[in-house]
Every structure is written in C-alpha cells, then in structure tokens.
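Below: the structure, in structure tokens.
Because the structure is a prediction, the values reported are computed rather than measured. Quick note on labels: first sequence line is chain A, next is B, and so on, each numbered from 1.
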Amino acid sequence: MLKIALPARRPFNFPSVVNSHGWRQLAPFHFENDVLSYVDHLSTKRVVEYRITAASAGVQVETEKLNKSEQREVTDKITWMFGLDMDFTNFHAASRLEPKLARAKKQALGRVLRSPTLFEDVVKTIFTTNTLWAVTKNMSRKLVDEFGIALSEKNARSPLSALENNKSFPTPEAIAASTPDFIKEKIRVGYRAPAIYDLAFRIASGKYDLEALKTSSLPTLELRKELMTIKGVGPYAPANLLMILGRHDFIPIDSYALKMVSHEWYKGKPITAREVERRFEKWGAYKGLAFWFWDWKYNG
DNA sequence: GGTAGACCTGGACGC
DNA sequence: GCGTCCAGGTCTACC
C-alpha cells in the first residue's frame with residue numbers, strides 16, 4: 001500500500017470540500033466514515049482506487065503501489081480535485097462582515113470538489129439538469145457501470161475497496177464507441193443522450209480539447225460562451241462549471257436558487273433570476289461563492 | 001432578446 | 001394501480 005500526504009494552502013478543511021456539493025454521492029465517488037473513495041483510470045491504463053482522508057496540513061491518499069510517474073499523476077489529480085493550492089484570502093476578507101458568510105474563513109469555505117477531468121464534471125452537470133437528484137445519481141451509476149473499467153479482481157477484493165461496483169468514470173473514447181440510442185436506453189438519460197455522445201465523440205476524435213479549459217486564460221465571460229457551445233449546456237450549467245473552474249462571478253441560477261432566494265428575502269413568493277442577481281450583485285467577482293456558501297434560512 | 005412549449009426520467013402524491 | 005405533477009434546464013421556433 002502507498003500513502004501520499006499532500007499539503008494544502010491554508011485555511012483548508014476536508015469536510016468543507018467534500019460537502020461543498022453533491023459530487024461525493026455520484027459514482028465513482030463514494031463517501032463513508034469520513035473517507036472519500038474514488039476509482040480512477042490512470043494514463044498507464046491501470047485502474048486504481050484512492051481513499052482520501054483529512055490530514056493535519058491537507059489530505060492523505062491511500063492507494064496501491066505505483067511507479068513514480070503514476071504517483072505524479074495521482075498527486076496532480078488530487079491537487080486539482082481538492083483545489084489544494086487555491087487561495088480564497090480575498091473572499092474570506094470580504095465575507096468577514098456578512099453574518100451569513102462570517103464562518104467562511106473559519107470553515108475554509110471556497111473550494112468545491114472536482115472530478116479529475118472536466119469531461120466528468122461536464123457530463124455530471126448535464127445529468128443534474130431538469131431532473132431529480134435521485135435520477136442524477138442513477139444516471140451516473142449506470143454510466144460508470146456500463147462504460148467504466150473495473151478495478152482488477154485482486155484490488156476489488158482488498159480491504160482497501162469500499163465500493164460495491166468498483167469501476168472508473170468512463171473515458172470519452174468508451175462512450176464514443178457507443179451510440180446515442182444505446183446511451184438513452186441503457187443509461188436512462190433521456191434527451192441528454194445525444195449531448196453526452198456528441199461531447200465524448202468530439203473529444204475522442206481529437207476535435208475538441210475540453211481539458212484545456214482548466215488552464216484557460218480566457219476572461220470569464222468568454223469562458224462561459226465557450227462552455228455554452230457544448231450541447232446540453234445552457235444558461236445554468238456553465239455557472240456551475242465556472243465555479244468548478246475557479247471562476248466565481250456567475251451564479252448557478254436554477255430552481256433551487258430561486259427557491260432559496262425567494263424564502264430568504266421575498267417570503268416564498270415566486271421570483272425570477274433578476275432578483276437573485278440583484279441580491280448578490282455587490283459581491284462582484286465572488287458572487288458565485290457568496291451565493292454558494294450563503295447560510296440560507298430556508299432549508300427545504 | 002424575450003418567451004412558449006416540447007423534451008426524458010422516475011419519485012411523490014392524490015384518487 | 002393509474003394519472004399527473006414536478007425536479008438543482010435546454011433548445012428551438014417564433015415574435
């Protein structure tokens with residue numbers, strides 16, 4: 001067994017990242033007893049499981065024995081997934097005088113849990129649209145079960161594995177080798193199937209470098225436009241993806257957002273996206289963060 | 001640029 | 001059981 005300790009820029013809080021949104025509940029993530037598990041497909045074709053826990057200065061990753069290049073890959077991926085090197089000093093300073101965000105620095109709020117690839121995050125974001133969370137979980141589970149690659153039998157049997165179905169998130173190539181009709185019928189993603197297939201196909205065929213957006217220097221507005229060129233990504237989805245990419249100047253306004261803001265300031269009456277924008281306008285470059293980590297009085 | 005309506009799914013609810 | 005509604009939206013046609 002291999003243990004890798006990875007330091008984080010302070011302040012850092014493991015539970016705050018894991019609980020930042022629902023990704024921990026979507027395959028191939030699994031969260032239980034303070035351990036975040038994830039099955040990953042390395043570039044060397046090996047499929048390994050990470051068991052990630054809180055450590056004094058960051059996180060600790062337990063996995064099987066890896067060579068040096070694999071260790072570097074795992075280090076890079078976990079650093080990205082947890083945003084270990086991200087700096088939220090300015091957001092924490094701005095939050096200090098807002099009672100609804102005063103806990104931000106103490107709880108190290110700001111980071112959101114990411115998947116190793118933007119491809120996985122885009123697919124899962126599309127799975128969250130216009131459906132129930134339980135259905136989103138089903139879609140993710142089925143996609144992993146159908147197209148993912150299993151841990152080797154030896155590793156799946158080891159006490160390290162906490163998962164029922166030990167498969168990695170599928171590569172674009174694996175999905176592109178299928179068809180939209182098969183994806184629709186087998187994964188039960190409905191009208192989202194052509195969008196998932198199209199994205200996978202464009203990446204697999206080398207026509208589109210989605211992962212390059214992780215390090216893009218485009219202004220946020222341009223980056224948003226770029227994300228909206230992806231089928232199935234409308235006005236809501238890019239705001240969610242921009243948060244994942246560390247851009248916080250857009251609010252993911254969905255039915256949940258409208259409900260929260262309505263109960264916070266409008267006595268539960270129906271409102272539009274304009275009211276949500278207006279309430280968080282003053283947070284400027286941090287309005288996505290302010291919205292995301294707001295201590296809502298309504299919790300329904 | 002704003003808006004209406006169709007679109008998959010599956011859990012919740014009322015009958 | 002069965003029908004209807006709705007949920008962490010998107011897309012297209014139309015005005």
Could you list the protein-to-nucleotides 7-9 of chain C atom pairs, N/O on both sides, closer than 3.5 Å?
from, atom 1, to, atom 2, distance (Å)
C/dG8, O4', A/Asp254, OD2, 3.4
C/dG9, OP1, A/Ser255, N, 2.8
C/dG9, OP1, A/Ser255, OG, 3.0
C/dG9, O5', A/Asn130, N, 3.3
C/dG9, O4', A/Asn130, N, 3.3
C/dG9, N1, A/Asn130, ND2, 3.2
C/dG9, N2, A/Tyr191, OH, 3.1

From the 5' end of DNA chain B to its 3' end, which nucleotides mark the outer limits of contact with chain A, defined by a 4.0 Å heavy-atom distance cut-off (strictly under)?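 Terminal contacting nucleotides, 5' to 3': B/dC7 to B/dG11.
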Rounding to the closest angstrom, what is the interatomic distance between [N] and [M] at atom [atom1]?
| N | M | atom1 | value |
| --- | --- | --- | --- |
| C/dG8 | B/dC7 | P | 22 Å |
| B/dA6 | C/dT4 | P | 15 Å |
| C/dT10 | B/dG11 | P | 23 Å |
| B/dG5 | C/dC5 | P | 15 Å |

Short N-O contact, A/Arg278 and A/Glu281, less than 4.0 angstrom: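 No, this pair does not count.
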Can a salt bridge be assigned to the pair A/Asp145 and A/Arg141 using a cut-off of 4.0 Å between side-chain N and carboxylate O?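 Yes, A/Asp145 and A/Arg141 are salt-bridged.
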Nearest heavy atoms of A/His41 and A/Lys77, plus distance in Å: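 Of all heavy-atom pairs spanning A/His41 and A/Lys77, the closest is O-NZ, 3.6 Å.
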Hey, which sits more toward the 5' end of DNA chain B by its nearest nucleotide, A/Asn138 or A/Arg192?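 Upstream on the strand: A/Arg192.
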[X]: what forms a ring-ring contact (aromatic ring centres under 6.0 Å, His included) with it, not counting sequence neighbours?
| X | value |
| --- | --- |
| A/Trp133 | none |
| A/Phe31 | none |
| A/Tyr50 | none |

Dot-bracket for DNA chain C, 5' to 3', with Watson-Crick and G-U pairs under 3.5 Å, [ ] for crossing pairs and | for other-strand pairs: what is it? |||||||.|||||||
Using side chain to side chain contact (heavy atoms under 4.5 Å, CB included) as the criterion, list what pairs up with [X], not counting sequence neighbours.
| X | result |
| --- | --- |
| A/Tyr286 | A/Asn90, A/Phe91, A/Leu289 |
| A/Thr220 | A/Leu242, A/Arg247, A/Asp249, A/Phe250 |
| A/Trp292 | A/His21, A/Val112, A/Asn240, A/Met243, A/Pro252 |

Pairs where residues 94-103 of chain A contributes a residue and the test side chain to side chain donor-acceptor pair (under 3.5 Å) is met, not counting sequence neighbours: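 Counting only pairs at least two positions apart or across chains, the side chain to side chain donor-acceptor pair (under 3.5 Å) contacts touching residues 94-103 of chain A are A/Lys100-A/Glu264.
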Could you give all pairs that pass the side chain to side chain donor-acceptor pair (under 3.5 Å) test and reach residues 78-87 of chain A, with sequence neighbours left out?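 The answer is A/Asp87-A/Thr89.
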Which label fits A/Tyr38 and A/Phe29: parallel for a plane angle under 30°, tilted from 30 to 60°, or perpendicular past 60°?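 If you compare the ring of A/Tyr38 with that of A/Phe29, the planes turn out tilted.
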Tell me whether the centres of the aromatic rings in A/Phe82 and A/Phe14 are closer together than 6.0 Å.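 Centroid separation for A/Phe82 and A/Phe14: below 6.0 Å.
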Each nucleotide N or O in nucleotides 12-15 of chain C that has a protein N or O under 3.5 Å away: list the pair and distance.
none

